[in-house]
Amino acid sequence: MSNHEIIGTVAEQAGEFYNVSELIASSHALQAAFAVLVIGIFVIVMAHRFFSNTVKRHRFNYVRPHLSRFVRVGVLPFFAIILVTSMNAYIHSFDVFEGAEILGMTGAGLTPAETFSKILNTINMLVIGYSVAHLVPIMLTKREKSNLEKEDFESWKSMHGFSDDEKSLFHKFYKWVPPVRAPDGIVEKEFVTGLQTEEGRRRLERFRTSRGTPIGSHEALVDDPFEKWKEVERKKYLDYFEKCISGDNQSGKKLKTGQEIEEIHPIDMWREEKRLGSFDPMIPGARPPGYAVKKRKDIPKSITQILPYGIFAAVLLGVVSWWGVNLIVLATATGGLALGVGLALQETMQNYFAYILIRKDKIFAEGERIKLDTGYNGYVHKITPRVTYIRDALNESFAVIATRQLVNAQIINYSKEVKMVPAIVEVGVSYLNDPRQVSAILVKVGRRAMREIVDAKGKHLVRQTRCPNLEKNNPSCGCDSDLYVDVTQPVVRFVSFNDSSLDFSLWLYVRDYGSQFKTKTDMRIIMYEEFKKYDIRIPWPIRTVYQGDETREQKEINRLDEERNRVVEEYGSGDLGRGSGED
C-alpha cells in the first residue's frame, strides 16, 4: 500500500469525526444541546474540584487517606453519568434532531440522534476510564501500605514495643515463654536465677545469642494482636492530629488542614516518617510545612504512579477504535515517524532499559553508598531513566552519569545487605613495651569503644552480639539486631616490626559505612587516654643513638608492669600468641 493510499484510508476512517461538526452545524437546537453539554462538563469539573477541596480539609482525609482519595476520584464518573443521562433524556424528549441533516454522511450510517448519543457516551467512557486509571493505583497503594503496616508490627514485636507506647503495652499483648534449658551464652545457674524475678525474666527476654536471635517465644494474650496494635497506633495518630490543629505543638500555632503545602501529615505519611526515624515518636509541628513532600521530590516515580497513564492511553485507543478508526492503518501511517523518532532516541531508550534493569535487579538504590570504577565514592542521590546522580560523601559535588553506563560498570556497593563494616585504627608503640600488655590494653580500648561510642540519638555505632543496654534492663538500641554471623570483637593484630615502633591494629565492626569515621575518631581518643594511663609510649619517627639510656627507660616502663599484667589477666590479649587463626 502506497503512502497516498494509507493517507486516504486514514482520512476516510476519520470522516465520521468530520461529520460530527456538520451534525452540530445543522440545527440550532443541536447547537444549544452542545452548549449545554459544554456547560455541564464545566459544572462537573467545578463541582468535583469543590468536593475534593472540601474533603481535603476534613479530618477524614487524614485519618483515612486512601479511602478519601478513592471517594474523591470515584465521585467523578457519578457526575458524568448524571450529565449523560440528563442529556440523552433531553434529546429524546424534545426531538432536537428533527429536521437535522448531514450532507455527504459516510460513517457507519448512524442517525443524527445516534451520533450525538455516541458523543455523550464517549465523554462518559473517557471520564470512567480516567477514574479507573486513578482508582487502580489507589487500591494498589493501599495494599502496599497495608503490607508495610504488617512489617511495622513485626518491628514492634522484635523491639518489644516502641518508645512512644504506654508502659508495658507489649506485655499486655504478649507473654514471654522461656526456653526449656539455658541457651548458649548463659550459664545454667544464671539462667535459673534470672527466671525467679520479673527483672531477670525481662533481661532474659531481651537476650540475644551470638547470631543475634532471641531466646524463648511469645504467646499472645489478646485475640488478633495485629488489629489491637493498629488501634493503638491510630490513637497515637489522633493525638498527633489533635495537637496539630489545637496549637499544642512545637510550632506554637494552629496548623491548618487542606493546605497546598501540607502542614499536617496524613496517617500513611506519619507512619512512613516514623519508619524512617527508627520508630521514634512523631513530634507535632516539629518540621516545616511540606517537609515530607520536599524530602521525596527527587524520588523517581514508581510503576504505580505511572500506571494511570498506561490505563488511560488504553481507554483512549479503545474509544478511537470504537469511532471506526482502524488502529492498524493508523499505526502503519505513523510507523515511519516512530522509526525515525526511535533512531533519534536510541541512547535515551538504552538509558531507560538500563534504569529498568537497575531497579529490577536492585543493583543499588537511593541512599546507598557506592564506589564507581572511576574511583568516585558517594551516595546514590537519584536514579532516573536518563541520568543517575551520585552525591559525594562530604557534599562536595555531584557526579552525573548516564544510567546506561552503570549497567556495565564495576560498582562496589557498601550498603547492599551489609550490616557490618570494619573500623580499623593502626598505632605504633615503643619497642620497650611488652606486646602482650599492649594487646590487652587495646582490647580494653575496644571494649570501651563498643559501649561508649554512640550517635546523636544515643545508639551504639559498633555492632554487638548483645546490646550493652540490656545489662541495665533497658531496651536494645538495635546494635545487636540483624547480625547473623559469628564475630568476636574487638580484634587486635600485631602487624609488623617497624623502623621505630611495634605496629598494631585494632578492629571493630560498625553498623554501616559512614559510622566508621566517628568510631575511629573516638577510638583514637580512648586509645590516647589508656596509653597515657599505662605509660604505653608512641615513639617519635626519628633515629637515635642510645648511650646507655635504654636501661633507664626499661626501668621506667617496668614500674607499671604489675598494673599492665592485671589488665592482661582481666581482658586477655585477644588471640595473640594462641594460634595463627584467620583474620
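- With a 4.5 Å cut-off on side-chain heavy atoms, L502 and P435 count as touching.
- Closest approach of F226 to E149, counting heavy atoms only: CE1-O, 3.9 Å.
- The backbone N or O of R451 sits less than 3.5 Å from a side-chain atom of H460, completing a donor-acceptor pair.
- Looking only at distances, a side-chain donor or acceptor of N413 sits under 3.5 Å from a matching main-chain atom of I363.
- With values rounded to the nearest 0.5 angstrom, R386 atom CZ is found 13.0 Å from I401 atom CD1.
- Between R537 and E556 there is a salt bridge, with a side-chain nitrogen of the basic residue lying less than 4.0 Å from a carboxylate oxygen of the acidic one.
- For E188, the CD atom sits in a packed shell: over 12 heavy atoms of surrounding residues, nucleotides or ligands are nearer than 6.0 Å.
- A salt bridge is absent between R564 and D434; no separation between the charged side-chain nitrogens and carboxylate oxygens falls under 4.0 Å.
- Side-chain contact between I538 and S430 is absent, with no heavy atoms from C-beta onward closer than 4.5 Å.
- Of the residues Y62, F279, Y237, the one that meets the ring pair (Phe, Tyr, Trp, His ring centres under 6.0 Å) test with W270 is Y237.
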Report task. In sequence, state the C-alpha distance, the side-chain angles, and the governing distance for E530 and R448, and then conclude on salt bridge (Lys or Arg N to Asp or Glu O under 4.0 Å). Result -> CA-CA 10 Å; E530 296 294 334; R448 280 189 59 188; 2.8 Å; yes

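- Between V429 and F531 the shortest heavy-atom distance is CG1-CE2, 3.9 Å.
- Counting only N and O atoms by type, the side chains of S501 and D503 include a donor and acceptor under 3.5 Å apart.
- The main-chain N or O of L169 is never found under 3.5 Å from a side-chain atom of D165 such that the two would form a donor-acceptor pair.
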Query - Stepwise salt bridge (Lys or Arg N to Asp or Glu O under 4.0 Å) test for K382 and E366 - result: CA-CA 6 Å; K382 181 180 179 182; E366 283 85 356; over 6 Å; no

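- Residues V232 and K230 have side chains not in contact (no heavy-atom distance under 4.5 Å, counting atoms from C-beta outward).
- Between K555 and D561, none of the side-chain N atoms (NZ, or NE/NH1/NH2) sits under 4.0 Å from a carboxylate O, so this pair counts as no salt bridge.
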Report task. Determine, step by step, whether R524 and V425 satisfy the side-chain contact (heavy atoms from CB on, under 4.5 Å) criterion, reporting the C-alpha distance in whole Å, the side-chain angles of both residues, the deciding distance to 0.1 Å, and the verdict. Result -> CA-CA 7 Å; R524 292 186 180 103; V425 174; 3.9 Å; yes

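- Counting heavy atoms of neighbouring residues, nucleotides and ligands inside a 6.0 Å radius, atom CG of D224 exceeds 12 of them.
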Query raised in the report: Where do L221 and K172 land on the side-chain contact (heavy atoms from CB on, under 4.5 Å) test, with the steps shown first?
Result: CA-CA 7 Å; L221 299 176; K172 293 178 182 177; over 6 Å; no

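- Ring-plane geometry between W507 and Y509 is classed as tilted, the angle between the planes lying from 30 to 60 degrees on a 0 to 90 degree scale.
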Report task. Test side-chain contact (heavy atoms from CB on, under 4.5 Å) on R511 and K459 and set out the steps. Result -> CA-CA 10 Å; R511 65 191 186 194; K459 297 183 177 181; 3.8 Å; yes

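- Salt bridge annotation for D280-K457: present, with a cationic side-chain nitrogen under 4.0 angstrom from a carboxylate oxygen.
- Residues Y534 and K444 come closest through the heavy atom pair OH-NZ, 3.0 Å.
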Requested in this report: Carefully, step by step, assess E205 and R202 under the rule salt bridge (Lys or Arg N to Asp or Glu O under 4.0 Å).
Outcome: CA-CA 5 Å; E205 183 180 0; R202 291 285 181 266; 3.6 Å; yes

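- The CD1 atom of I267 lies 4.0 Å from the CZ atom of R234; values are rounded to the nearest 0.5 Å.
- Smallest separation of non-hydrogen atoms from I383 and T388: CG2-OG1, 3.7 Å.
- Although no hydrogens or angles enter the test, the distance criterion places a donor-acceptor pair under 3.5 Å between the side chain of Q464 and the main chain of V462.
- Judged purely by atom type and a 3.5 angstrom limit, Y240 uses its side chain to pair as donor or acceptor with the backbone of H265.
- Taking the side chain as every heavy atom from C-beta outward, L238 and V63 approach each other to under 4.5 Å.
- A cation-pi geometry, defined here as NZ or CZ lying under 6.0 Å from the six-membered ring centre and within 45° of its normal, holds between R369 and Y379.
- In summary, the side chains of S251 and N249 do present a donor paired with an acceptor at a separation below 3.5 Å, with no hydrogens or angles considered.
- Using a 4.0 Å cut-off between charged nitrogen and carboxylate oxygen, R566 and E562 count as a salt-bridge pair.
- Taking 4.5 Å as the limit, every side-chain heavy atom of I370 sits out of range of all side-chain heavy atoms of I412.
- Under the 30°/60° scheme for interplanar angles, the aromatic rings of F162 and W229 are found to stand perpendicular.
- Of all heavy-atom pairs between S439 and V492, the closest is OG-CG1, 3.6 Å.
- Within the 4.5 Å cutoff, the side chain of L508 has heavy atoms near those of the M450 side chain.
- Taking OG1 from T519 and CG from L461, the interatomic distance works out to 4.5 Å, rounded to the nearest 0.5 Å.
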Requested in this report: Carefully, step by step, assess Y528 and K533 under the rule side-chain hydrogen bond (donor to acceptor under 3.5 Å, both in side chains).
Outcome: CA-CA 9 Å; Y528 176 82; K533 178 179 178 181; over 6 Å; no

Report task. Could you walk me through whether F173 and K228 pass side-chain contact (heavy atoms from CB on, under 4.5 Å), step by step? Result -> CA-CA 8 Å; F173 284 26; K228 297 288 184 182; 3.7 Å; yes

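- By the 4.5 Å heavy-atom criterion applied to side chains, T403 and I358 are counted as neighbours.
- In this structure, CG in D268 is found 9.0 Å from NZ in K142, a value given to the nearest 0.5 Å.
- Taking the six-membered ring for Trp and the full ring otherwise, F170 and W176 have centroids separated by 6.0 Å or more.
- When all heavy atoms of Q516 and V510 are compared, the pair lying nearest together is N-CG2, 3.7 Å.
- One finds a salt bridge joining E233 and K274 here, because a Lys/Arg side-chain nitrogen approaches an Asp/Glu carboxylate oxygen to under 4.0 Å.
- Between D239 and K235 there is no salt bridge, since none of the side-chain N atoms of the basic residue sits less than 4.0 Å from a carboxylate O of the acidic one.
- Atom CG of L406 is separated from atom CG of L357 by 12.0 Å, given to the nearest 0.5 angstrom.
- A donor-acceptor contact shorter than 3.5 Å links the side chain of T197 to the backbone of G200.
- Taking CD from E151 and CD from E154, the interatomic distance works out to 9.0 Å, rounded to the nearest 0.5 Å.
- The residues R275 and D152 are annotated as salt-bridged, a charged nitrogen and a carboxylate oxygen being separated by less than 4.0 angstrom.
- Side chains of Y513 and K371: a donor-acceptor N/O pair is absent below 3.5 angstrom, by distance only.
- Crowding of R203 atom CZ: a count of heavy atoms from other residues, nucleotides or ligands under 6.0 Å exceeding 12.
- With no hydrogens or angles considered, a side-chain donor-acceptor pair links N558 and Q554 at under 3.5 Å.
- Side-chain contact check for K157 versus Y174: some heavy-atom pair is nearer than 4.5 Å.
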